[in-house]
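Quick note: residue numbers are just sequence positions, from 1. Note that this is a predicted model, so its numbers are computed, not measured.
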Amino acid sequence: MRIKNYISYIVPLLFVVAATPIVVTVTRSSQQVVEPVEEVVEEVVEVEQYLISPYDKIFQEIGAKYGLDRLFLSAIARVESEFRVDAVSRSGAVGLMQIMPSTAKSMGYEREQLFDAETSAEIAAQLLHENNKMLRLSRDFDKTERLHFILACYNAGYSRVADARRLARYHLEDANRWGVVQKYLALLAEPQYYEHELVRSGEFGGSEETISYVRKVMRRYNVYKESIDEV
């Protein structure tokens, strides 16, 4: 009888001891599953705060100020720096919109200011706006052609594009078509063209980069317009 009573006390204790780790294990496992799920939800919410980049609002406001499509400004930033405010190119261009410090200096800005997204976008918009004015294109000028020209000016400088347009006119070709002007931009690498009396800025060997740049930005701009359904 004593043995039976002893066993009757031991058996329930074994079940209690065996059950306790199982409960603890399940509890820990549940905590491990829940925590990552909460983190994923937070990431999704953060991503959905903007459509293209964290600088959507800046491009919206500055675009409205200078009459530029925010998607166009976004496309430039994507090609120039991949939306990196700390980007510095091998040639020394700085920030989100890759502004040269010398250009910024002439406009009253210091190099350190170029690492600020809003300042960078402001300078870029000013340059695009000024180039558009200097090109003196008519109000009814084709919108897409206009963007090609101001992008070329942004990359190569207005004077290079102006030289190419003068050569196009001299050769009785349409200086208002980018497809024509880019040809003469490339020819500015050859003496018989850059030594012409109409050419004011001399030799230009960067046409390949400029033509590629214009193509990349316009392609990205079209992608943004199609995906967001804006003009």
Side-chain angles (χ1 to χ4, degrees), residues 55 58-81 89 91-109 113-114 117-169 174-186 188 194 198-202 204-222 224:
Y55 313 108
I58 290 175
F59 290 140
Q60 177 75 45
E61 294 174 352
I62 291 178
K65 180 178 176 181
Y66 291 96
L68 297 165
D69 186 350
R70 73 183 181 93
L71 301 182
F72 182 60
L73 294 173
S74 295
I76 293 174
R78 173 65 176 79
V79 172
E80 288 284 2
S81 69
S89 73
S91 62
V94 176
L96 184 66
M97 307 300 276
Q98 289 292 277
I99 309 294
M100 292 298 293
S102 58
T103 301
K105 188 74 172 179
S106 69
M107 298 171 69
Y109 296 91
Q113 293 178 274
L114 299 178
E118 188 169 356
T119 301
S120 185
E122 174 75 24
I123 295 173
Q126 286 183 36
L127 291 171
L128 293 165
H129 182 71
E130 286 303 313
N131 284 328
N132 182 47
K133 286 173 60 178
M134 288 189 292
L135 286 165
R136 297 181 180 179
L137 305 174
S138 63
R139 289 189 177 184
D140 60 348
F141 195 82
D142 182 81
K143 180 180 178 181
T144 301
E145 288 285 355
R146 183 187 299 274
L147 295 181
H148 280 86
F149 280 111
I150 64 175
L151 281 173
C153 291
Y154 188 80
N155 181 264
Y158 167 77
S159 62
R160 301 297 188 183
V161 176
D163 281 344
R165 294 185 76 200
R166 281 191 286 269
L167 286 174
R169 292 191 191 96
D174 192 350
N176 289 332
R177 287 180 54 208
W178 172 243
V180 171
V181 174
Q182 69 176 4
K183 178 179 72 174
Y184 285 97
L185 199 64
L188 284 171
Y194 69 71
L198 291 175
V199 175
R200 299 173 184 174
S201 298
F204 179 57
S207 63
E208 185 176 344
E209 176 190 334
T210 299
I211 293 168
S212 174
Y213 173 79
V214 172
R215 183 172 58 249
K216 288 177 182 177
V217 173
M218 290 303 295
R219 183 184 299 148
R220 177 60 55 177
Y221 178 42
N222 288 328
Y224 288 159

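Gln98 approaches Ser89 most closely through the heavy-atom pair OE1-CB, 3.2 Å. When every heavy atom of Gly95 is checked against every heavy atom of Ser120, the shortest pair comes out as C-OG, 4.3 Å. Considering every non-hydrogen atom in both Leu185 and Ala164, the closest pair reads N-CB, 3.7 Å. Smallest separation of non-hydrogen atoms from Ile58 and Ala121: CG2-CB, 3.9 Å. Considering all non-hydrogen atoms of both residues, Arg146 and Leu137 come closest at NH1-CB, 3.7 Å. Closest approach of Asn176 and Phe141 over heavy atoms only: O-CZ, 3.2 Å.
In this structure a side-chain-to-backbone donor-acceptor pair under 3.5 Å is present from Asn222 to Met218. Under a 3.5 Å cut-off, the side chain of Glu145 and the backbone N or O of Trp178 do form a donor-acceptor pair.
Side-chain contact between Leu167 and Val181: absent, with no pair of heavy atoms (C-beta onward) separated by less than 4.5 Å. The side-chain heavy atoms of Val217 and Phe72, taken from C-beta on, include a pair separated by under 4.5 Å. In this structure, the side chains of Met97 and Ile76 come closer than 4.5 Å at one or more pairs of heavy atoms. Between Glu118 and Tyr55 the shortest side-chain heavy-atom distance does not fall below 4.5 Å. Contact of the Tyr154 side chain with the Thr210 side chain is not registered, since no non-hydrogen atoms from C-beta on lie closer than 4.5 Å. With a 4.5 Å cut-off on side-chain heavy atoms, Ile99 and Leu127 count as touching. Between Met100 and Val94, every side-chain heavy-atom pair lies at or beyond the 4.5 Å cut-off. Between Ile123 and Leu114, the closest side-chain pair of non-hydrogen atoms falls below 4.5 Å.
Residues Glu122 and Gln126 have side chains that bring a donor and an acceptor to within less than 3.5 angstrom of each other.
Remark: Glu209 CD is loosely packed, at most 12 non-hydrogen atoms of other residues, nucleotides or ligands lying under 6.0 Å away. The 12-atom threshold is exceeded at CZ of Arg169, counting heavy atoms of other residues, nucleotides or ligands nearer than 6.0 Å.
Ion pairing of Glu61 with Arg70 is absent here, as no side-chain N (NZ or NE/NH1/NH2) approaches a carboxylate O to less than 4.0 Å. Ion pairing between a basic and an acidic side chain is recognised when a charged N comes within 4.0 Å of a carboxylate O; Asp163 and Arg166 show such pairing.
Looking at residues two or more places apart in sequence or on another chain, you find a ring-ring contact (aromatic ring centres under 6.0 Å, His included) between Tyr66 and His129. Applying the salt bridge (Lys or Arg N to Asp or Glu O under 4.0 Å) rule to Arg220 yields no partners; only residues at least two apart in sequence or on another chain are considered.
The cationic atom of Arg165 (NZ for Lys, CZ for Arg) lies less than 6.0 Å from the six-membered ring centre of Phe149 and within 45° of the ring axis.
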